Amino acid sequence: MKKFLALILALVMALSVAACGSDAGSSTTAANGGETAGAGETVGTGDNTGSDSSDIYGGVAIQEGGTFVIGASGDPQSFNPDYLSDDNLWPIAQNIFNRLVKLTAADTVIPDLAESWEFSDDGMTLTFHLREGVKWHDGIDFTSADVKWTYDTIINESWNRSTSLESVDSIECPDDNTVVFNLNAADVTIISKLGWYGMFILPQHLYEGQDPATCEAATTNPVGTGPFKFESYENGVGTVLVKNEEYWGDEPNPDELIFAIYSDQDSMYQAFLNGEIDLMNGSLPTANVHDLDEDPNYHVLAQLGQNRTYITFNFEDPDFGKQEVRKAVQLAVDTQGIYDRVGGVGAKAEYFVSPVQTDFVDENYVQPERNVEEARALLESAGYTADADGFYIHATMDVFEDGNFANIAQIVKANLAEAGIDITINMMEISAWTEKVQQNKNFSITMLAGYQGPDISGLAGRIQTNGATNLGGYSNERVDELFALSNVETDLTQRAAYYSEIQQIMSEDIPMVFLLDNGYRYAIPNEILGSPYEMTDRAASSEYTYLARAAE
Amino acid sequence: MKRYILKRVLTGIVIVLVSVCINFVLIRCAPGDPVRILAGLDDPNEDQIAVLTAQYGLDKSIPEQFVVYIGNVLHGDFGFSYVNQKQVIDLISEKVFPTLLLSLSALTIAVLGGTLLGIYCARKNGKLIDKLMCTVSYVFDATPSFWLGLMLILIFASWLGILPTSGMENLRGHYTGMRRVLDILQHLVLPVGTLALIQFPYYFRIARSSVLQVMSEDFITTLRATGMKEKKIFNKYVLRNALIPTVTILGSSLAFLLSGSVYIETVFSWPGMGRLLFDSIGKRDYPVLSGIYLILAITVAVMMILVDVVYSLIDPRIKYD
């Protein structure tokens with residue numbers, strides 16, 4: 001017994017020794033894609049400083065300040081938001097740093113550090129007018145030189161989204177508040193790309209000549225121009241930010257913002273229900289999407305993302321390389337059944353571009369209604385004969401473990417079996433899938449999802465020749481040409497016409513079969529106001545400047 | 001004895017070297033490229049992939065990488081985590097305390113509780129309490145720790161609301177001093193409880209069966225024939241002999257303390273080594289994996305030697321030559 005007591009004492013002592021300094025974490029969100037500010041137009045914005053809070057919160061009185069805990073799903077790799085692809089840093093970065101423009105949760109582009117911008121008549125020059133009086137968190141003035149240094153570095157050092165800046169030839173700073181991008185080709189997609197991943201403006205005075213991932217600014221002391229200042233970070237625990245009292249924009253309401261890390265979605269959801277966290281950064285877990293629909297303590301916001309789950313084919317494959325076989329797959333898949341299976345979240349996949357892109361969807365081109373007989377007939381006309389089990393084709397579908405992929409793959413397997421295509425599902429860890437499918441192209445048929453924005457041109461990487469996410473090697477010269485034409489086209493109607501033709505070709509060539517338009521369901525406790533999902537006219541997609549509790 | 005220990009130490013060193021070598025090669029043979037995982041699934045930037053591959057030395061052959069690694073380790077450099085962009089040694093040191101806190105607390109409860117219950121039930125062999133406890137131990141033995149953890153969260157955190165769901169402390173509270181210690185203890189209850197419930201059947205059954213076995217030995221019958229009191233026989237002769245297997249097993253369990261419990265740490269968002277190991281496998285963070293495996297190999301080797309020595313001390317029948 002004495003020994004046991006001694007052990008307890010030792011434990012308590014060990015704990016008190018450890019009692020110094022730990023804090024909160026990070027999180028994951030995929031940006032959901034959207035409409036983009038068209039190019040060739042001047043976008044001015046009202047100065048969004050000094051808004052009346054009753055306006056913002058629809059007349060509801062709020063408690064000022066307070067600590068807010070956001071559920072996050074993993075550790076950031078570093079605090080350099082531009083260096084690597086980092087879903088866990090993405091929501092945190094939106095609160096520490098600014099971009100020239102920012103994407104909202106509704107996928108629209110609104111001004112950030114740039115107050116306004118304009119393209120030259122030939123579309124080859126893009127000029128940004130920056131806000132005045134902006135300071136870095138360490139008190140140094142922010143200038144156009146920081147913008148130039150950031151983008152030059154991203155391009156020259158091949159940082160993660162250097163591909164978004166391919167059209168940038170050079171950057172000039174005529175004065176402290178003006179930045180001029182000289183383009184090598186007109187590019188109407190660049191504005192929305194600047195509002196997306198990997199485009200945060202970094203402090204030149206802290207980064208220049210330093211290692212981009214391990215320097216102080218990227219690890220223990222990130223400095224931005226954003227609404228919150230970095231306070232602390234502990235691996236596996238979380239990240240703590242505090243209000244930037246000197247913020248140039250609307251005064252942030254939270255005194256403190258904690259991104260607490262939950263490595264398991266179910267645990268995060270329980271912590272949310274328990275009130276340990278105020279908001280989950282991201283959608284409700286798949287299994288719980290409708291749990292809170294009837295709960296009077298929460299409201300649930302549904303949102304359609306620019307994110308589509310689809311089947312893609314290896315064009316080198318002897319079976320799926322044939323248009324008839326791809327068409328048969330398209331006819332056999334029950335998209336309504338898939339949509340129902342995921343609890344009606346998102347939308348049934350119908351169109352060839354994301355339905356979020358309302359300016360571009362051409363309703364003349366839709367995926368055909370399910371018709372198993374026609375699918376079988378197509379396979380027979382292509383010279384296939386059924387074996388003893390009634391199958392024309394046997395194939396393996398490589399699928400990685402991700403959200404609802406396993407469920408959807410099972411439905412696809414059952415659907416295709418009816419049409420005489422026998423699918424063996426090869427469930428893989430994502431790292432293994434990446435090597436087999438993405439790197440070695442060693443597959444026949446696979447499933448994929450992902451963000452297809454922010455601009456409609458986000459589709460290009462998936463179907464243009466040698467596109468970074470064009471796994472199956474689909475190639476159509478006219479499609480490539482149409483993407484090129486649409487990227488320099490400032491007239492929306494003409495741009496839509498190019499995309500209409502792309503949709504027409506997609507409906508004939510069938511480079512992919514769309515299974516589901518993914519959506520999100522955000523649960524918000526009634527007393528929490530000003531979430532980024534509701535502040536789509538002023539906040540970035542995970543910016544918590546306006547978060548507040550309703551006054552009691 | 002000295003010669004024996006020396007021999008065991010040398011064997012230990014060989015085991016560590018072999019295991020480092022195997023682990024180094026095995027994880028690199030698993031499909032998946034850490035840099036591609038870093039670059040992201042959507043629209044990977046091939047230029048950056050090339051830059052990072054060269055920077056991390058992953059463009060070299062595996063033997064070349066191994067030579068570089070061993071050289072670095074001998075200089076005390078355990079490498080740089082790709083995923084956490086941090087020195088491996090710093091990363092691992094942060095995790096040691098939370099993991100030990102969790103697994104040592106759970107092990108203590110499981111060993112004490114399991115063994116005491118086992119001894120008690122052995123004495124009540126065949127009675128209702130014995131049958132009940134045996135059933136309970138089988139049930140917990142067969143329960144997945146992940147599921148049990150979630151159930152305990154549901155019951156004690158969500159329904160009863162008396163304990164926090166997960167994490168190591170209340171971040172909102174910013175507690176310091178004694179208040180913080182109490183807060184951490186409160187957060188410790190559920191993960192430790194889950195881990196202890198999962199581990200206790202093991203010690204329960206070992207204690208119970210070895211007590212029963214010793215009690216049926218001839219020398220106990222002889223002692224009984226001498227008229228010695230049952231209590232004395234039990235405390236002096238049965239217990240001492242019956243606890244030897246528990247001590248042996250305890251040694252090998254201690255060796256795995258550092259790797260923690262992956263599932264428990266994940267369910268309870270506990271910032272420990274098990275979770276780090278799990279995440280690093282998924283993301284192919286080779287340097288972190290090599291670092292953790294190296295530490296595990298050393299711990300296992302040290303524990304094996306300690307167990308052998310302790311074993312010889314408590315069981316004089318065992319002689320080493």
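A quick note: this is a predicted structure, and the numbers were derived from the prediction, not measured. In what follows, chains are A, B, ... by sequence order, proteins preceding strands, each numbered from 1.
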Contact origin within B/Tyr175 toward chain A - heavy atom pairs under 4.5 Å = neither
Pairwise side-chain contact, B/Gln48 with A/Ser85, heavy-atom cut-off 4.5 Å (strictly under) = no
Could you tell me whether A/Phe405 atom CZ has more than 12 heavy atoms of other residues or ligands within 6.0 Å of it?
-> yes
Heavy atoms only, distances under 4.5 angstrom: which of A/Leu448, A/Leu273, A/Asn235, A/Thr434 has the most pairs with chain B? Name it, please.
-> A/Asn235
Test: A/Glu435 and B/Arg284 ion pair at under 4.0 Å | no
Among residues 49-60 of chain B, those lying within the under-4.5 Å heavy-atom range of chain A are B/Val51, B/Leu52, B/Gln55
Does any donor atom in the side chain of B/Ser158 or A/Gln270 lie under 3.5 Å from an acceptor atom in the other side chain?
-> yes
With A/Ser162, which residues qualify under side-chain hydrogen bond (donor to acceptor under 3.5 Å, both in side chains), at least two apart?
-> B/Asn45
With respect to chain B, which residue among A/Lys436, A/Arg462, A/Glu157 yields the maximal number of heavy-atom pairs within a distance under 4.5 Å?
-> A/Arg462
Do B/Gln85 and A/Thr219 touch side chain to side chain, with heavy atoms closer than 4.5 Å?
-> no
Side chain, backbone, both or neither: which part of B/Leu38 has a non-hydrogen atom closer than 4.5 Å to chain A?
-> both
What's the spacing between A/Glu276 CD and B/Ser166 OG if we round to 0.5 Å?
-> 6.0 Å
Shortest non-hydrogen contact from B/Ser269 toward A/Tyr262 = OG-CA, 3.2 Å
Under a 4.5 Å cut-off applied to non-hydrogen side-chain atoms, are A/Gln77 and B/Asn84 in contact?
-> no
Check side-chain hydrogen bond (donor to acceptor under 3.5 Å, both in side chains) between B/Glu46 and all other residues, then give those that pass, not counting sequence neighbours.
-> B/Arg36
Does any non-hydrogen side-chain atom of A/Asp264 lie less than 4.5 Å from one of B/Phe146?
-> yes
Greatest number of non-hydrogen atom pairs under 4.5 angstrom with chain A, of B/Ile153, B/Asp183, B/Val83, B/Leu150, falls to B/Val83
Below 4.5 Å, heavy atoms only, C-beta onward: do B/His174 and A/Ile258 meet side chain to side chain?
-> yes
What residue in A/Gly275, A/Ser431, A/Ala449, A/Ala468 has the most heavy-atom pairs under 4.5 Å with chain B?
-> A/Ser431
Examine whether an atom of B/Phe278 lies under 4.5 Å from a heavy atom of chain A, and if so say whether it belongs to the side chain, the backbone or both; otherwise answer neither.
-> neither
Chain B shares the most heavy-atom pairs under 4.5 Å, among A/Ala213, A/Ala218, A/Ser263, A/Ser267, with A/Ser263
Looking only at B/Asp279, B/Thr266, B/Asp47, most heavy-atom pairs under 4.5 Å shared with chain A are made by B/Thr266
Counting heavy-atom pairs under 4.5 Å to chain B, which of A/Asn274, A/Asp266, A/Asp211, A/Thr67 comes out on top?
-> A/Asn274
If you tally heavy-atom pairs under 4.5 Å between each of B/Lys95, B/Gln87, B/Lys283, B/Lys86 and chain A, the highest tally belongs to B/Lys95
Please round to the nearest 0.5 Å and tell me the distance separating atom CD of A/Glu429 and atom CD1 of B/Ile37.
-> 7.5 Å
Under the side-chain hydrogen bond (donor to acceptor under 3.5 Å, both in side chains) test, which residues partner A/Asp278, sequence neighbours left out?
-> A/Arg549, B/Arg172
Residue from A/Val69, A/Ile277, A/Val237, A/Ile261 passing side chain to side chain contact (heavy atoms under 4.5 Å, CB included) with B/Leu171 = A/Val237
Crowding at CG, A/Asn466 (>12 non-hydrogen neighbours, <6.0 Å) | no
Heavy-atom proximity to chain B below 4.5 Å, by part of A/Phe400 | side chain
